[in-house]
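Just so you know, these numbers use all the heavy atoms, side chains as well, and skip hydrogens, waters and symmetry mates. Predicted model, so just to flag it, every value in this text is computed and none were measured.
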Amino acid sequence: MGKKKDGFVNQITKRSEDFSKWYTELIRRAELADYSPVKGIMVIRPYGYEIWEHIKDNLDIKFKETGHKNAYFPLLIPESFLKKEAEHVEGFAPEVAWVTHGGDNELEERLAIRPTSEAIICHMYSKWITSWRDLPVLINQWANVLRWEKVTRPFLRTTEFLWQEGHTVHATSDEAMEETLKMLDIYKNFCEEYLAIPVISGLKSEKERFAGAVKTYCIEALMPDGKALQAGTSHFLGQNFSKAFNIRFENKEQELEYGWQTSWGVSTRLIGALIMLHGDDSGLIIPPKVAPYQGVIIPISRGNWKETVLPKANEIFENLKAQGFRVQLDDSDVATPGWKFSEWEMRGVPVRIEIGPKDIEKNQVVLVNRINREKSFVSIDELNEKFAELLDKIQNMLFEKAKNFREENTSEAETFEELSSIIETKRGLVTTGWCGSETCETAVKDKNATTIRAIIENQEGKHKICVVCGKESKHTVLFAKSY
RNA sequence: CGGGGCAUGGCUCAGUCUGGUAGAGUAUCGGUUUUGGGAACCGAGGGUCGGAGGUUCGAAUCCUCUUGCCCCGACCA
C-alpha cells in the first residue's frame, strides 16, 4: 500500500484486475460511503453525498420545469394500505421491514417502513381529488425507502436507499401515458448529459414489470463488466391503484371516473453507475457536472513556496470560486505534490491545476486532464475560459468513451445458440427478436441467467423470428445479465 | 436463500496446521531535513485477535453456536 509502481498509485485493487473488489474498495478509500453496523445499510459520506446533491438539484430543476411540486409523505404505512393493491403487496411483501411496537406496547396494526410510497400517497390522493379541476396532480418526493434485500452492494443495492419518487394523477389515459414517457425522457437526458452515462430506454416485459403497474418503462445502462444496470423507471399505472384506493373525480360530464396514474423514480444507484462506468485503475473519474470538486489546485511546494506560490494559488482559487466553479485548494504542507496528485486522482477530480515557481515566472498554470493525464499550459489570464473548456471536454470524453464501449459490446443474435454463446463469452447487450411469450423469456433465463432488459423500438427488417422458438417475432428486445 | 472465502491496532496483512499470553508495513502524533508523480531519518501512542459458549494449567490458535463482509448463483432500483 502506498508504494510506487510505474510512477502512479498502487493503493487500490486495479479495476482491470478485479472489478468487484475495485468497486467496493474504491468507495471506501475515496470516502464516498462506508458500512454501518446494520447489515446492508451504508453511510453516505460527505464526498459521496455531494454527488447525490448535484444529481438531486439538477433533476429537481427539471421536475419543477415540467410542473411538478415536491411534498413529503410519511415513512410508515399501515399494513392494510399496502394490501389494497393485490399485485403490489405480493411484489413487495418479501422485502418489507415492519414496525410492530411503539415503546413497549405492541401495535394493533403493524406498520410497514415504506419500500415505495404508492400506498400512502394514493390514500391521500383519494382524499384530495374530487373533481376534474383537481387534476393533474403532479407531486414528487425526495425520500429514503427500505427494502430488505438479500444481497447488497454499496450504492447499487442497499437495504435503505435514497431516491425520488414522482406520483401523478391525470384525467385521461393518454395524458398519463404522455407523462410516463416525458419523465422517462427526462431521465435519459439527465443520465446522458449530466452523468455521461449512455442509456437505452424501453419497455419492460410483463415479467419484469413493476408490481401494480400496467406498463413499466426503463432506462438501462451497460456496465464495464458486461452487465446491464437499470438506471431509472417510469410506470404507467393505469387505474390499478386508483381503483384499489378509490381515487375518483367527477368529470366535465358529471360522471365519476377513476384517475389515471404514473409513478417514476431514480435512486442513489446512479452514483454506483457512474463510479463503475467512468473509473479506472487510478480510481474515480467523476463527470464535471456532478463532481463535488471540478478542479483541485495543487501548489508545488518548493523552498519558500508559502511566500511565492501560495498567494498566487489562493488568488486563482478565489477567482475560480467567484466564477461559480467548484474548486479546492490543497495547501496542506504535510503531503508532497506527488501524494496529492495521486490522492485527488483517486477521488476522481476531473481537472488538476498545478502551479509552481516556474509557472509563476511565466504567469501560467498547468491543467491536467484526469482521463488521460494530458497536460496543457495555460496563461493565468485565460484560466477561466480554458478551465471551462476542459471541463466540457472531459464531460464529452466520458460520454463518448462510455458510448463506444456500449456499441462495441452490443451484439445481435438470431438463434438461441448465438445468444448463449455471446452471453457466455463477451457478455454485453444482445438484441434479438422475441415472440412475446413468457415461456421463451424464461427459457433464456434458465439457461443463461439472462433477462430481457427492455423491449426497444422495432428495427425494420431485423429480427423477424423469436430467438428461442423461431416463430414470428413481435418485439425487438435487449437481453443482458443484470445487476 | 444455496455454494465458496474471509474476520487480528485506523487501513492491508503475518501468526492458526503443530495452544504458551500478539507482530509487520502503512496511517497517526512529536521532531529534523525535504518537496514538479505517493520523501528520509529519529522518537511515541494505539489491539488483546468479530461475538457467545466450551475444552485446557493456559486459546488469536482446538470444538460448538452466532454475527458481519466479499465472491458466485436464485430474487429485486
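Put simply, A:Tyr23 has no side-chain N or O that comes within less than 4.0 Å of OP1 or OP2 on B:C70. In terms of phosphate contacts, A:Lys21 brings no side-chain nitrogen or oxygen within less than 4.0 Å of OP1 or OP2 of B:C70. Between A:Thr336 and B:A39, a side-chain N or O to OP1/OP2 separation shorter than 4.0 Å is present. The shortest distance between the side-chain N/O atoms of A:Thr24 and the OP1/OP2 oxygens of B:C70 is not below 4.0 Å. Contact check, A:Arg269 against B:C76: no side-chain N or O comes under 4.0 Å of OP1 or OP2.
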Could you go through residues 52-59 of chain A and list every donor-acceptor pair under 3.5 Å that involves a side-chain atom there, pairing it with any protein atom two or more places apart or in another chain?
from	atom 1	to	atom 2	distance (Å)
A:His54	NE2	A:Glu50	OE2	3.4
A:His54	NE2	A:Arg326	NE	3.3
A:Asn58	ND2	A:His54	O	2.7

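Counting to the nearest Å, the P atom of B:A77 and the CD atom of A:Gln230 are 6 Å from each other. The distance from atom CH2 of A:Trp305 to atom P of B:U34 is 16 Å, rounded to the nearest whole Å. Atom pair A:Lys445:NZ and B:A74:C1' shows a separation of 8 Å (rounding to whole Å applied). Rounding to whole angstrom units, NZ of residue A:Lys481 and P of B:C75 are separated by 12 Å. Atom CD1 in A:Ile298 sits roughly 13 Å away from atom C1' in B:U35 (whole-Å rounding). Nucleotide B:G73 holds its P atom 15 Å from the CG atom of A:Asp446, rounded to whole Å. For the pair A:Lys207 NZ and B:A74 C1', the computed distance is 11 Å after rounding to whole Å. Between the OH atom of A:Tyr483 and the P atom of B:A74 there is a distance of 14 Å, rounded to whole Å.
Every pair tested for side-chain hydrogen bond (donor to acceptor under 3.5 Å, both in side chains) that includes a residue from residues 90-101 of chain A fails, sequence neighbours excluded, so the list is empty. Pairs passing the ring-ring contact (aromatic ring centres under 6.0 Å, His included) check and including a residue from residues 264-292 of chain A, sequence neighbours excluded, read A:Phe63-A:Trp264, A:His68-A:Trp264.
Nucleotides of RNA chain B nearest to A:Pro337 and A:Phe155 differ in position, and the one nearer the 5' end is that of A:Pro337. Nearest-nucleotide assignment on RNA chain B puts the 5′-proximal partner with A:Val368, out of A:Val368 and A:Arg157.
In the set B:A77, B:G37, B:C70, B:C70 carries the atom at the smallest distance from any side-chain atom of A:Tyr35. If you check B:G37, B:C76, B:C71 against the side chain of A:Ser20, the one that comes closest is B:C71.
If you check B:A39 for Watson-Crick or wobble pairing at under 3.5 angstrom, you find it paired to B:U33. Under the Watson-Crick and G-U wobble criteria, each requiring two contacts below 3.5 Å, nucleotide B:C6 is paired to B:G68. Within the shown strands, nothing qualifies as a pairing partner of B:A14 under the Watson-Crick or G-U definition with both distances less than 3.5 Å. The nucleotide B:G47 finds no pairing partner, because no Watson-Crick or G-U wobble arrangement with both distances shorter than 3.5 Å includes it. When both distances must be under 3.5 Å, the Watson-Crick or G-U wobble mate of B:G73 is B:C1. Under the Watson-Crick or G-U wobble criterion, with both distances below 3.5 Å, B:G20 is paired with B:C57.
With sequence neighbours excluded, the residues that form a side-chain contact (heavy atoms from CB on, under 4.5 Å) with A:Ala176 are A:His170, A:Phe236, A:Trp260, A:Thr262. A:Gln261 meets the side-chain hydrogen bond (donor to acceptor under 3.5 Å, both in side chains) test with no other residue; sequence neighbours excluded.
Atom name P, nucleotides B:U12 and B:U28: the rounded distance is 16 Å, in whole Å. Comparing B:U35 with B:C11, their P atoms are spaced 34 Å from each other, to the whole Å. On the C1' atoms, B:C6 is 16 Å away from B:U66, given to the nearest whole Å. Remark: the separation of the P atoms in B:A44 and B:C57 is 40 Å, to the nearest Å. Comparing B:U16 with B:G53, their P atoms sit 26 Å apart, to the nearest whole Å. Comparing B:A14 with B:C62, their P atoms sit 15 Å apart, to the nearest whole Å. For the C1' atoms, the distance linking B:C71 with B:U55 amounts to 34 Å, nearest Å. Nucleotides B:G15 and B:A7 have their P atoms positioned 10 Å apart, rounded to a whole Å.
Nucleic acid contact for A:Val366: base, since at least one base atom lies under 4.0 Å from a heavy atom of the residue. Using a 4.0 Å heavy-atom criterion, one finds that A:Val151 contacts the bases of the nucleic acid, with or without backbone contacts as well. The residue A:Gly40 sits close only to the backbone: its heavy atoms come under 4.0 Å of sugar-phosphate atoms, none of a base. Using a 4.0 Å heavy-atom distance criterion, A:Thr233 is classed as making no nucleic acid contact. Using a 4.0 Å heavy-atom distance criterion, A:Phe161 is classed as a base contact. Using a 4.0 Å heavy-atom criterion, one finds that A:Ala449 contacts the sugar-phosphate atoms exclusively. Using a 4.0 Å heavy-atom distance criterion, A:Lys358 is classed as a base contact. Among the atoms of the strands shown, none is found under 4.0 Å from any heavy atom of A:Thr216. Residue-level contact check: A:Pro357 touches the bases, meaning some heavy atom is under 4.0 Å from a base atom. A:Leu229 comes within 4.0 angstrom of no nucleic acid atom, judged by non-hydrogen atoms across all strands. Nucleic acid contact class of A:Asp333 (heavy atoms, under 4.0 Å, all strands): none. A:Glu149 comes within contact range of at least one nucleobase, with a heavy-atom separation under 4.0 Å. Counting any heavy atom pair closer than 4.0 Å across all strands shown, A:Arg153 reaches sugar-phosphate atoms only and no base atom.
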With the criterion being N/O to N/O and under 3.5 Å, what pairs connect the protein with nucleotides 49-51 of chain B, and how long is each?
none

Checklist entry - Could you walk me through whether A:Asp281 and A:Arg15 pass the salt bridge (charged side-chain N to carboxylate O under 4.0 Å, His left out) check? => result CA-CA 5 Å; A:Asp281 283 351; A:Arg15 186 172 103 144; 5.7 Å; no
Item to check | ring-ring contact (aromatic ring centres under 6.0 Å, His included) assessment of A:His167 paired with A:Phe73 | outcome: CA-CA 11 Å; A:His167 296 271; A:Phe73 293 86; 7.5 Å; no
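A donor-acceptor contact under 3.5 Å is formed by the side chain of A:Ser301 with the base of B:U35.
Under 4.0 Å is where a charged nitrogen must lie from a carboxylate oxygen, and between A:Lys340 and A:Glu343 no such pair does. Ion pair A:Asp359/A:Lys312 not flagged as a salt bridge, since none of the NZ, NE, NH1 or NH2 atoms sits closer than 4.0 Å to an Asp/Glu carboxylate oxygen. One finds a salt bridge joining A:Arg209 and A:Glu87 here, because a Lys/Arg side-chain nitrogen approaches an Asp/Glu carboxylate oxygen to under 4.0 Å. With salt bridges taken as basic N to acidic carboxylate O contacts below 4.0 Å, none links A:Lys481 and A:Asp225.
Classification of the A:Phe241-A:Phe245 ring pair by plane angle, with boundaries at 30° and 60°, yields parallel.
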